[in-house]
Each structure stands twice: as structure tokens, then as C-alpha cells.
Amino acid sequence: MWSIFWRIIKDRRTSLLIYCIVTVLLLWMYIALFPAFQKQSASMEQLIKGYPESFMKAFNFDIKSFTTLEGFLSTEQYSFVWPLMVVLLMVGYAGAALAGEIEKGTIEILLSQPVSRFKLYLSRYLAGLFMLVIFVSVSVYSAIPISKIYDINFSAGNFNSLALLGLMFSLAIYSIGYMLSAIFSDRGKVFFLSGGILIATYVLNIVSSLKDSLSDLKYFSFFYYFNPAKALAHNQIDNWSYLVFLGLALFCFIFGAIIFLKKDITT
Amino acid sequence: MAVIEVQNLKKYFSKTRAVDDISFVIDKGEIFGFLGPNGAGKTTTIRCMMNFIKPTGGKINILQKDAQKDSEELKSKIGFLPGNVRLYDNWTGADHIKFLERINCRSNLVQELIEKLNFNPRIKVKNLSTGNKQKLGLILALMGDPELLILDEPTVGLDPLLQNQIYLILEELQKKGTTIFMSSHNLSEVERLCNRVGIIKDGKLAALESIGNLKSKRMHVIEIHFEGAVNVNEFIFDGVEVAQTLHDGLILNVKGDINSVVKKIANLQIKDLSISHATLEEVFLEFYRDNSINQSNNQLNQPVAQQQKQSAWDDLEDIPKL
């Protein structure tokens, strides 16, 4: 099982490295820009106060968005660009991990070896999880040394909350993709459905913030439970976020495993 | 000792009966050829044996273990070559070999196979020719010196010299006691290597017989050159087909007992006579004419033990009608 695990890490190390470098460079850019924004924080605060509350909620703007590094990063980096990178990295991997192997026919090499289907499923899941932990750690904690370079004050503990929230969020997205990869034998379907689900829930979150009568829809949105501003700027994670993300990840992992163990695999 | 026991195997994909109630037994050290055209059910049967797909009904035992329940354990004893072998494009041959070595912990024959097949393991798969990919697939299947080899079209894409090399390797493995189950379209290959064949058509087993029996019992080709004129109609009776009319004679395809034809010929003045067994190819094609094979199947679908005692071809009534 671990042979499969390490082989995947070896195969994926370049793409993981590229994602990590890109996220660090983006983070560096935002941190480098932050002092300039901070100097004009008073006028930025005035500007933000002029925005409708629903707009602030929809796009995770916070009053601290331009006054503290944590607020600034949570708005600029972790609310949109970072989730997008996680989706691309993890759904891309999830689609290739099972459905991609079936589509290309290479799964027959694995299935003909003395490894149970569950171990095959688990080893590939764990490899994705390992990459996820690396990416989340690098993309969150690299902010600390970069901030020190620019002599910017920050609260290190808040980054732990963000890392935990980000990890749970990414795990849930990854698990959805992985489950779909176990169900389908075609990467295209996995990407299309995963992307569709995420876009639909993202739109749902925005729509629910814009109109009071639709506000209850937010509970069905994935992104309602992902509030990086709260985690990074206020060091808080809602209990519902734990429940939704971890519950969803567990459900998808188990359901995907059941399907993968039972399905006929024809290439 | 039976290495593979397939009993009443069925695999349906919704309404399509890909494999429909087939049974056979393969003994230790045997090379068994599984013949049939595309879509006949060969690969589906192999996939059931490898537990890639779950049978709709029936049972498969391999090395006295359940091919579905004990699949993980069994695969350490099975070398498998899929049809149209698909490999990881960005890996080299050596990467594939090392990967399977780590999983299987067995690679006794790697070096020997690399040398015999003249394979360069340092080239990435995406740069390999079809034949070289097939060589790598074979190395991966054979390298662990398995007790059972399941090969789906093992020599497809290989040149005749390499095909011959593969035959020698397989014959060598057979001498060491390895059992080989191979599907093939290449009838000369089956004729050369296999002890027995199963012929599958539309998911049903149309024949299960030793190569020798299949050829000798099934068909003869008789070429007769007469001294004088002969009425062709004299040779039109059950089991005899006039394949060709020559200027002074006939070529007959005779199925089953040739005595009646020989007696008929004995009453005539002949210049020359030759009687030969039909090639396996001719026999194979015979099965794939558009005729009913139900009669054969009824007998072949009997329990395996009974099949072993009674050849499906002992009774000429079982011969598919032309």
C-alpha cells in the first residue's frame, strides 16, 4: 500500500511544488503590498463602510480587511484565490486518482497486484491527503516568515485557525472529488460535477447574502462554512464548520469506498 | 490438480449476456488457449477471473481459492498481461519494474527476461513502440515467476522473431510447472503452444477440447483426383462438403467420421488421393459460421466433472451444422 502512496507522491511532486511556489509568490505579493494599504487604512475603512453589508458578507470583506495583515490576507488571498487553487489542485488529483486510472487503463496494473481494492482506494486517498496537508501548510504558514521580512505584526496563533479551517475545507472538496472519481470512470465527469457543485454552492452563498428572503439558502452553501476572515482575523472557527466539512469528508470517503469496492472496473 | 475451475460463470451487463454459463477446468502445467472473435466474451471471462468485474453468477476457483474472496492472496501467485497493455507514459520500464517489485516483493526473472526480450528499461513508456510496450507488459507479468499466468493476447504487436522468443519462454515456464491461460486470435500460436482450447462464441463455450482432438476429430480435408468422370452428387451426404471442384477431381471437407467417404472413394478409380487434418484455423472458422451452437452448449454446460469424462466432440451429433 505504501509503495503506491509514495509512487503517487513522486509522480505528483512537480505539480505540488508548482502550486506551492505560486501560492507563496501570491502571498508574498499581498504581504509586500500590505504596508501601502495599511498607510491608507483610514480611507479604505471609510470606503468599506460605504459598501452594503450584504456585499461585505458575500465576498468576505471585514472591517479589518485593510487595517491588519490577517484581515488583509483573509480577504485578498484566502477568500477567493486560495480556494480556487485548492479546487484545481485537489479536484485535479481526485479525478486522476481513480477515474483517470480507469480511463487510461493503467488501473489494470494496480488491480492485478496483491493489493486489496480498499488498500488501493485508501493509499491513493492518503496520498491526496498528504499533498493537501503540504499545500495548506505551505500556503498558510509561509505568511509568517514573509511577514517578518517586511517587519509586519501578526498573530501567529490565528494562522493555526486558518490552517485548520483551510484543511477541513480542502479535505471536504477533495473527498467530494474523490467520491465522484470512485463512481465514474471518466475524469471529465468528475471535473464537471465537482466544479458544478462548487460553483453552485458559491453562487448560493452570494445570492443568500444579497437578498434576505433567500438568506436560508446559505446553509446549503459550502462557502458559508468557510470563513477565512473569521479564522484569521478573529481566530475563530464555527462549530458548524467542523461538523459540515469533516462530516462531508467522512461521508464521501465511505460512500466512495463502498462504490469502488463493488464496481465493475472495465477499461 | 486443477489450477482454474470455472463453474457456470455468467456475466451480464444489463441485458447483454457477455458470458453466459460457461464452465471449464484447467490443470496444473497446462497451456490453455481461449479463442474467440472480438466481443465473444474472452476478456470478460479474464476480468472475472482477475476480480476486476464481479460475476453475475457461477463460481471461479483459482489454485483452490475463491477468485473473488481471496483475490488479494491469489494475485501474488498470478502473472497477468492485459489485452492492449496500458502503462504509465511518464514512467520508464525500470520504474514499472521497481514499482511492482516493491508491491509484489518478487522479481526472480527480471534480468533474464530483459535480456531474452532485448528490452531497454531506461526509456520512458511514451517513447516506446507498441511492440516494446508489449514486451514490458510481458516482463511485468512474468517477472515474479508466478504459478499461474493469465495472458490476454500475449504476442499482439510483436514481430515473428519476438513471438517465437515468447513461445520459447512460455514453453520453458510450462516445463517448470507454470499453468498458462491465454486468449488469442493467433491460431498458429495456439496450435503451437496450447494443450487444450476453449472456443467461445456469443458468451457461450462452443468447444472445449485438446488441440489434437479438435483437429483430428473435427475435420479432414480430402483431395481426390479421379481416372474418369465422377458425379459430384455421389459425395453429397451428411458431414461432407465439396469445398472445390477440380478439373479431374474434388476437394472435400469432411466433418467427423471419414469412413463413409473412404468407402465411397474405394469404389472409384483414382489417380491420386490425399487426406489431411484441417488446420486449426479451418476448424475455428467452422465454429463461427452463422449456425446454431445450442446443441453443443447444452452438453458443454454440464458440470465440469462430467465434461472431463465425456468429450463434447465424442458425439458427432454435437458438430455445428453447416
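Letters A, B, ... mirror the listed sequences (proteins, then strands); counts begin at 1. These numbers were taken from a predicted model, which means no experiment stands behind them.
Within the 4.5 angstrom heavy-atom criterion, only side-chain atoms of A:L110, from C-beta onward, approach chain B. Heavy atoms closer than 4.5 Å to chain A are found nowhere in B:N84, neither backbone nor side chain. Residue contact with chain A, scored on non-hydrogen atoms closer than 4.5 Å, is absent for B:S71. If you measure heavy-atom distances from B:K98 to chain A, you find no contacts under 4.5 Å at all.
Heavy-atom neighbours of A:F255 CZ from other residues, nucleotides or ligands within 6.0 Å: at or below the threshold of 12. Counting heavy-atom neighbours within 6.0 Å of B:K133 NZ, excluding the residue itself, gives a total above 12. Counting heavy-atom neighbours within 6.0 Å of A:K148 NZ, excluding the residue itself, gives a total of 12 or less.
Ranked by heavy-atom pairs under 4.5 Å with chain B, the list A:T266, A:D11, A:I107, A:T106 is led by A:T106. Contact count versus chain B (heavy atoms, under 4.5 Å) is highest, among A:E101, A:K263, A:K262, for A:E101.
In this structure, B:R102 is not positioned above the aromatic face of A:W6 in the sense of NZ or CZ being under 6.0 Å from the six-membered ring centre and within 45° of the axis.
A salt bridge is absent between B:D89 and A:K104: the closest approach of a Lys/Arg side-chain nitrogen to an acidic carboxylate oxygen does not fall below 4.0 angstrom. For the pair A:R117 and B:E72, the salt-bridge criterion is not met [side-chain N within less than 4.0 Å of a carboxylate O].
The heavy-atom pair separating B:K75 from A:S112 by the smallest distance is CB-O, 3.6 Å. Taking both residues in full, the closest heavy atoms of B:R47 and A:I265 are given as CD-O, 4.5 Å, listed atom of the first, atom of the second, then distance.
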Taking it one step at a time, do B:F80 and A:I109 satisfy side chain to side chain contact (heavy atoms under 4.5 Å, CB included)?
-> CA-CA 8 Å; B:F80 174 65; A:I109 298 176; over 6 Å; no
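Residues A:V115 and B:I103 form a side-chain contact, since some pair of their non-hydrogen atoms from C-beta on lies under 4.5 Å apart. Contact of the B:M50 side chain with the A:L111 side chain is not registered, since no non-hydrogen atoms from C-beta on lie closer than 4.5 Å.
Here the CD atom belonging to A:Q113 is positioned 5.0 Å from the CG atom belonging to B:N104, to the nearest 0.5 angstrom. Considering CZ of B:F99 and NZ of A:K10, their distance stands at 11.0 Å, rounded to 0.5 Å.
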